[in-house]
Amino acid sequence: MGTMAEHERDERDALRPFHRRFFQRDPRSVARELLGCWLWTETIEGLTGGVIVETEAYLAEGDSACHAARGETRGNRAMFGPSGHAYVYVIHARHCFNIVTEGIGIGSAVLIRALEPRWGCSLMEQRRGRTNAKELTSGPARLCEALGITRDHDGRDLLAPGTTDLGLAKPPSHQRLELGPILSTPRIGVTSAHELEYRYVLAGSRYLSRSLTAKPRKQ
DNA sequence: TATAGGATTTGCT
DNA sequence: GCAAATCCTATAA
């Protein structure tokens, strides 16, 4: 009793799991409501994870920046699968993690862009090759590296414990992060649909992938 | 099989 | 602030 590992386990035992219905909705609603929720992986190496502080929604209709916009391919197949499953893609030799929304055949998802580190910081430091807490999980590819998320997780059901080392849940009410205001901004890095403000952030977080005051980079 | 480009990150200036 | 590094994926031949 009282070890860090046991404390972490107790914490997560009190978690409130998601129901499939939560993901069978407009990705903009899901993206907003995932802020403050907990994401983790538990592998042979250990437990790593944190609190979601930044997300982006990608819509099936009228969103040219969405990977599903040009139809289903081998790479984005998971996006057209059931909601609540992982969609992991590779870009610039790095992985990015999404959660599929709505339902089969639709093609929408929420990209997880940043976490506030919370569990397994030493393992995350090891995987990332750096110790600055702000650089561990503040970016879609950074958090995948820190949590050990790869294409191997593509298509995994997040709502089927025991079939995956990925975990996602609402925190117990007494453990909620002070949310602060939720702001929406244009999405980062997209080469089209700049006008759609489907990036959602906890405005007070120190762990965003891009500060709210930073000038948008050339895209 | 070859080629171009991307929902990124990093280091250097 | 800027540009290089990085490698998988889609597309065309």
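Remember, predicted model here, so these are calculated numbers, not experimental data. In what follows, every chain begins at residue 1, and chains take the letters A, B, ... in the order their sequences are listed.
- Residues in residues 63-88 of chain A take part in these salt bridge (charged side-chain N to carboxylate O under 4.0 Å, His left out) pairs, two or more places apart or across chains: Asp63(A)-Arg187(A).
- For Ser83(A), the side chain to side chain donor-acceptor pair (under 3.5 Å) criterion is met by no residue, not counting sequence neighbours.
- Shown here are the ring pair (Phe, Tyr, Trp, His ring centres under 6.0 Å) partners of Phe22(A), two or more places apart in sequence or in another chain: Phe18(A).
- Residues that satisfy the side chain to side chain donor-acceptor pair (under 3.5 Å) test with Thr137(A), not counting sequence neighbours, are absent from this structure.
- Of all the residues in residues 125-143 of chain A, not one reaches under 4.0 Å from DNA chain C with any non-hydrogen atom.
- Contact annotation: Arg199(A) does not reach the phosphate of dA7(B) (side-chain N/O to OP1 or OP2, under 4.0 Å).
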List the atom pairs, with distances to 0.1 Å, where a side-chain N or O of residues 152-161 of chain A and a protein N or O form a donor-acceptor pair under 3.5 Å, not counting sequence neighbours.
| residue | atom | partner | partner atom | Å |
| --- | --- | --- | --- | --- |
| Asp152(A) | OD2 | Arg156(A) | NH2 | 3.0 |
| His153(A) | ND1 | Thr150(A) | N | 3.1 |
| His153(A) | ND1 | Thr150(A) | O | 3.4 |
| His153(A) | NE2 | Asp165(A) | OD1 | 2.8 |
| Asp154(A) | OD1 | Val88(A) | N | 2.9 |
| Asp154(A) | OD2 | Arg151(A) | NH2 | 3.2 |
| Arg156(A) | NE | Asp152(A) | O | 3.4 |
| Arg156(A) | NH1 | Thr164(A) | OG1 | 3.1 |
| Asp157(A) | OD1 | Arg20(A) | NH1 | 3.0 |
| Asp157(A) | OD1 | Arg20(A) | NH2 | 3.4 |
| Asp157(A) | OD1 | Leu159(A) | N | 2.9 |
| Asp157(A) | OD2 | Arg20(A) | NH2 | 2.9 |

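- For the OP1/OP2 pair of dG5(B) and a distance below 4.0 Å, the side-chain nitrogens and oxygens of Thr191(A) include no atom meeting the criterion.
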query = Would you write out the dot-bracket form of DNA chain C, 5' to 3', with Watson-Crick and G-U pairs under 3.5 Å, [ ] for crossing pairs, | for pairs to other strands and . for unpaired bases?
reply = |||||.||||||.
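- Taking the side chain to side chain donor-acceptor pair (under 3.5 Å) definition, one finds that Ser184(A) meets it with nothing, sequence neighbours left out.
- Applying the side chain to side chain donor-acceptor pair (under 3.5 Å) test to every pair with at least one member in residues 198-207 of chain A, sequence neighbours left out, gives these pairs: Arg28(A)-Tyr198(A), Glu54(A)-Arg199(A), Thr185(A)-Arg199(A).
- Scanning for side chain to side chain contact (heavy atoms under 4.5 Å, CB included) contacts around Cys144(A) gives His95(A), Phe97(A), Ile149(A), with sequence neighbours left out.
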note = 5' to 3', nucleotides 8-13 of chain C under a 4.0 Å protein heavy-atom cut-off (B base, S sugar-phosphate only, - none) gives SSS---
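- Scored by the side chain to side chain contact (heavy atoms under 4.5 Å, CB included) test, Ser64(A) finds Ser192(A), Ala193(A) as partners (sequence neighbours excluded).
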